[in-house]
Amino acid sequence: MNNYASNSMNEYGASTRPGSTRPGSRFAPPVRNPEHAEPWDQISDEHRNEINDCFHLFDMNKDEQLDFSEFRYALQALGFSNLSRPDLIAAFKSAARPRPGWTPLPSLPNQPPPPAAPGVVDLRLSREGFQTIAARYVAARDPREELLKTFALFDRGGKGVITVDDLRGVVKELGEDVPDNELHSMVEQFDVEGKGGVSREEFLGIFLDR
């Protein structure tokens with residue numbers, strides 16, 4: 001692929017998080033390694049950086065732990081906003097531990113006995129626990145979904161193809177100065193049918209076939 005085209009698409013599709021040391025590609029496909037069963041070993045370095053950035057961003061009191069609300073917002077920032085609350089609670093409880101100093105409430109006369117185990121509000125999730133849960137969701141995600149979201153960012157007006165005009169607009173937003181002949185070359189390189197733009201299928205092939 002034309003190096004500038006690849007770099008421009010990755011830069012435009014990147015989501016830079018506050019406090020991040022590098023941008024994270026929104027559509028970098030997971031690196032699936034059959035020799036490793038752990039999700040953390042299956043995902044790309046880019047995704048690992050995003051997960052770590054999200055943990056530190058939403059660890060509001062900087063105690064290296066997330067409560068349930070922080071955990072939920074961190075996953076939303078990673079793009080997992082459609083998870084049901086029961087699924088979120090189950091995932092959180094699977095790796096969380098009681099907050100430091102937690103003890104069961106004392107029993108009161110004529111009242112049902114208090115729970116012997118901590119509730120969700122009394123649990124905290126470590127960085128390693130968050131990494132495990134987030135990596136599991138990332139590894140299970142279809143990379144085509146992320147690519148198609150990025151395609152839609154390029155395809156101004158929903159035409160179904162990325163044209164030279166689309167690329168020209170992206171290049172301008174990135175503050176780059178690229179000659180028109182190079183923009184035409186980018187499109188012509190992958191416009192197999194000569195229709196004047198790169199289709200969704202061709203766009204997927206640029207990244208998934210690398």
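- Here the side chains of Phe58 and Arg72 are not in contact, with every heavy-atom distance at 4.5 Å or above.
- Looking at Gln111, its side chain never comes within 3.5 Å of a backbone N or O of Leu108 through a donor-acceptor pair.
- Phe55 approaches Leu125 most closely through the heavy-atom pair CE1-O, 4.0 Å.
- Listed by first and then second residue, the salt bridge (Lys or Arg N to Asp or Glu O under 4.0 Å) pairs involving residues 119-131 are Glu64-Arg127, Arg99-Asp122 (not counting sequence neighbours).
- Taking each heavy atom of Gly196 and Asp191 in turn, the nearest pair found is N-OD2, 2.7 Å.
- Asp155 meets the salt bridge (Lys or Arg N to Asp or Glu O under 4.0 Å) test with Lys159; sequence neighbours excluded.
- A 4.5 Å side-chain heavy-atom check between Arg141 and His47 finds at least one atom pair inside the cut-off.
- Side-chain contact, Ser185 with Glu182: no donor N or O sits under 3.5 Å from an acceptor N or O.
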Atom pairs and distances, side-chain donor-acceptor, residues 75-84, under 3.5 Å, sequence neighbours left out:
{"residue": "Ser84", "atom": "OG", "partner": "Asp87", "partner atom": "N", "Å": "3.2"}
{"residue": "Ser84", "atom": "OG", "partner": "Asp87", "partner atom": "OD2", "Å": "3.1"}

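- Scanning all heavy atoms of the two residues, the minimum distance from Ala135 to Ile51 falls at N-CD1, 3.7 Å.
- The aromatic rings of Phe203 and Phe154 sit tilted relative to each other, their planes meeting at an angle between 30° and 60°.
- Side-chain contact between Leu88 and Phe71: present, with at least one pair of heavy atoms (C-beta onward) separated by less than 4.5 Å.
- Looking only at side-chain heavy atoms (C-beta outward), Leu148 and Leu204 come within less than 4.5 Å of each other.
- Between Asp165 and Arg156 there is no salt bridge, since no side-chain N of the basic residue sits under 4.0 Å from a carboxylate O of the acidic one.
- Between Ala74 and Phe130, the closest heavy-atom pair is CB-CZ, 3.6 Å.
- Between Trp40 and Ile43 there is a side-chain heavy-atom pair separated by less than 4.5 Å.
- Using modelled atom types and a 3.5 Å distance limit, the side chains of Asp59 and Gln65 yield no donor-acceptor pair.
- Side-chain atoms of Lys195 never come within 3.5 Å of backbone atoms of Val161 as a donor-acceptor pair (strictly under, hydrogens ignored).
- Looking at every heavy atom in both residues, Ala96 comes nearest to Leu123 through CB-CB, 3.8 Å.
- Atom CZ of Arg200 is surrounded by 12 or fewer heavy atoms from other residues, nucleotides or ligands within 6.0 Å.
- When all heavy atoms of Val192 and Glu202 are compared, the pair lying nearest together is N-OE2, 3.1 Å.
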